[in-house]
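Only one structure is covered here, and it is reproduced in the block below.
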There are 2 protein chains.
Amino acid sequence: MSTPKASGEAPRRRLPRGALTPERIVTASLALLDEQGLAAFTMPRLGRTLGADQTAVYRHFASKDDLVLAVADRLLTEAFEDFEPAGDDWRGTLVDVCQRVRTTYVSHPAAAVLSGPRITTGSSEMKAADAVVGALRTAGIPDPELALYYRVIADFALLWSGGLAGFRILDESIQEAERTTWATAYATAPDQFGNLHAISGDLDRIESEQVFDTALELLLDSIAERAARARTGQDTA
Amino acid sequence: MSTPKASGEAPRRRLPRGALTPERIVTASLALLDEQGLAAFTMPRLGRTLGADQTAVYRHFASKDDLVLAVADRLLTEAFEDFEPAGDDWRGTLVDVCQRVRTTYVSHPAAAVLSGPRITTGSSEMKAADAVVGALRTAGIPDPELALYYRVIADFALLWSGGLAGFRILDESIQEAERTTWATAYATAPDQFGNLHAISGDLDRIESEQVFDTALELLLDSIAERAARARTGQDTA
DNA sequence: ACCTGAACACCGTTCAAGT
DNA sequence: ACCTGAACACCGTTCAAGT
């Protein structure tokens with residue numbers, strides 16, 4: 001037995017060989033981000049979480065940026081775990097894909113903000129990406145517009161969800177301050193902002209998630225409409 | 001005259017009183033972000049750009065985060081300079097507002113990524129926000145849905161533009177790597193990704209800005225459709 | 001009143017040394 | 001083969017000192 005330090009710190013022993021794996025490091029990173037937030041995701045703290053030295057992670061990832069990429073990949077793996085396309089229900093498939101990204105990002109906002117634009121089409125979510133294309137084909141969207149609508153759905157899911165995550169990591173106080181900014185502006189110049197003032201009561205009751213859902217419905221309504229027009233041979237003009 | 005140093009550095013003099021103003025600091029920050037990128041935006045480098053000590057900025061901003069908020073505000077001020085609602089053309093007004101945000105964000109991608117979720121409805125863009133509400137009213141959208149569609153347009157413009165900016169600050173090489181990821185995946189498991197493979201040629205030709213424009217058109221088509229239904233007294237069911 | 005510069009507590013990363 | 005710890009070049013921020 002070693003003599004305990006006066007500070008009461010646990011006497012850390014050298015880790016056994018192979019104790020650190022990329023998977024464990026990514027899991028610890030995600031937990032750190034979820035529980036402590038973006039600012040806590042540093043190599044020293046990650047090392048402490050793992051019971052290892054602050055530099056031990058460099059044996060498994062070339063850089064912190066490399067680790068961030070792995071965390072981003074983990075996020076999408078989690079999002080599309082057990083995903084299956086909903087067969088003929090093309091609209092259900094597209095909603096499912098977008099909701100999975102949204103739910104995962106909002107559950108891990110700090111990790112989602114880091115992942116941000118680092119994801120377009122990695123490996124984990126390829127199956128979902130392929131299903132989106134299949135769903136649009138089932139809907140009756142013809143080439144080459146199909147590729148464009150695929151990008152609309154993919155970008156919507158990733159960019160909008162990333163934006164929602166960004167809101168989430170702001171302090172509650174900051175969120176509140178931003179919410180009241182325009183009310184102050186209206187108080188000083190009521191004639192300039194009459195339109196906004198008229199709907200202020202309604203605005204307060206809207207959640208960001210509801211806005212996401214509404215935008216998705218609007219996009220899918222238009223896609224369905226264009227598919228119907230394509231089926232009857234009409235032009236878009 | 002003072003003796004020049006061997007290294008050839010310009011002998012910096014003490015700045016005259018009032019040489020630093022919040023406006024000049026924000027301008028220098030934006031220029032630094034535009035020309036050198038996100039990683040170059042540090043207090044030491046900002047100080048050097050201003051010809052001042054690295055800590056001089058703290059006489060005008062409480063923290064770097066405070067400065068970031070001011071940069072974000074400047075971005076939206078620039079976006080809505082000379083903005084005027086397009087009168088009866090509600091659709092034109094909404095397109096103009098969204099395009100202004102997109103153009104500004106893509107022109108200042110590093111600053112846009114920093115601003116990211118720090119903006120909802122600040123002061124500079126209140127006029128545009130009010131115009132969006134007015135345009136939706138002109139279109140014939142009734143309360144209380146109007147507030148919801150306002151949020152759809154506002155979130156679309158800010159979140160999607162922020163996402164585009166995020167793509168822009170990635171190295172070209174990384175962008176290229178992400179573009180080819182799925183092609184590699186298809187090569188190893190062609191039967192799983194047949195749908196994607198079929199449209200790969202079309203996908204390569206799509207620019208992110210075009211996706212933004214298309215998504216906006218889809219959103220506005222659906223909003224117009226719902227406004228028409230509301231005018232004829234039909235339900236959404 | 002405003003700017004300077006030493007100083008502090010961090011951070012990511014490298015590399016020789018341990019086991 | 002993998003982990004450690006000293007070390008380096010940074011960073012944001014504070015504060016006493018200058019002018």
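Below, each value reflects all heavy atoms present in this structure, side chains not excepted, and no hydrogens, waters or symmetry copies. Please read these numbers as outputs of a predicted model, since none were measured by experiment.
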**Prompt:** Taking only residues at least two apart or on different chains, which pairs with a member in residues 52-85 of chain B satisfy ring-ring contact (aromatic ring centres under 6.0 Å, His included)?
**Reply:** B:Phe80-B:Phe83
**Message:** Does this structure show an ion pair linking B:Arg168 with B:Glu209, if we count only N-O contacts that are shorter than 4.0 Å?
**Reply:**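 A salt bridge links B:Arg168 with B:Glu209.
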Residues which pass side chain to side chain contact (heavy atoms under 4.5 Å, CB included) with [X], listed by chain and number, not counting sequence neighbours:
X	answer
A:Thr77	A:Asp73, A:Ser124
A:Ser63	A:Asp65, A:Asp66
B:Ala135	B:Trp90, B:Thr93, B:Leu94
A:Arg24	A:Ala19, A:Leu20, A:Thr21, A:Leu50

**Request:** Considering non-hydrogen atoms only, spot the tightest contact between A:Ala56 and A:Ala52 and give its length.
**Result:**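 Between these two residues, the closest heavy atoms are CB-CB, 4.0 Å.
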Distance, rounded to the nearest Å, where [X] contributes [atom1] and [N] contributes [atom2]:
X	N	atom1	atom2	answer
B:Leu50	C:dT4	CG	P	10 Å
B:Leu46	C:dC3	CG	C1'	14 Å
A:Phe61	C:dT14	CZ	P	15 Å
A:Asp53	D:dT4	CG	P	5 Å
B:Leu20	C:dC2	CG	C1'	9 Å

Who passes side chain to side chain donor-acceptor pair (under 3.5 Å) against [X], sequence neighbours left out?
X	answer
A:Ser208	B:Arg151
A:Glu84	A:Lys127
B:Arg17	none

Compile the donor-acceptor pairs under 3.5 Å between side chains in residues 26-35 of chain B and protein atoms, sequence neighbours left out, one pair per line.
residue	atom	partner	partner atom	Å
B:Thr27	OG1	B:Glu23	O	2.9
B:Thr27	OG1	B:Arg74	NH1	3.0
B:Thr27	OG1	B:Arg74	NH2	3.4
B:Ser29	OG	B:Ile25	O	2.8
B:Asp34	OD1	B:His108	ND1	3.0
B:Asp34	OD2	B:His108	ND1	2.7

Using atom names, set out every protein N or O paired with an N or O of nucleotides 16-19 of chain D below 3.5 Å, distance rounded to 0.1 Å.
residue	atom	partner	partner atom	Å
D:dG18	N2	B:Arg14	NH2	2.2

**Request:** For DNA chain D, just give me the dot-bracket, please: Watson-Crick or G-U, both distances below 3.5 Å, ( ) intra-strand, [ ] crossing earlier pairs, | paired with another strand, . unpaired.
**Result:** ||.|||||...|||||.||
**Fill in**
Contacts of B:Ala56 and A:Thr55 projected onto DNA chain C by closest heavy atom; the upstream (5') one is B:Ala56
**Request:** Indicate whether OP1 or OP2 belonging to C:dC2 is found under 4.0 Å from a side-chain N or O atom of B:His60.
**Result:** no
Between protein and nucleic acid, restricted to nucleotides 8-12 of chain D and to nitrogen or oxygen atoms under 3.5 Å apart, what atom pairs and distances do you find?
residue	atom	partner	partner atom	Å
D:dC11	OP1	B:Thr42	OG1	3.4
D:dG12	OP1	B:Lys64	NZ	2.5
D:dG12	OP2	B:Met43	N	2.7

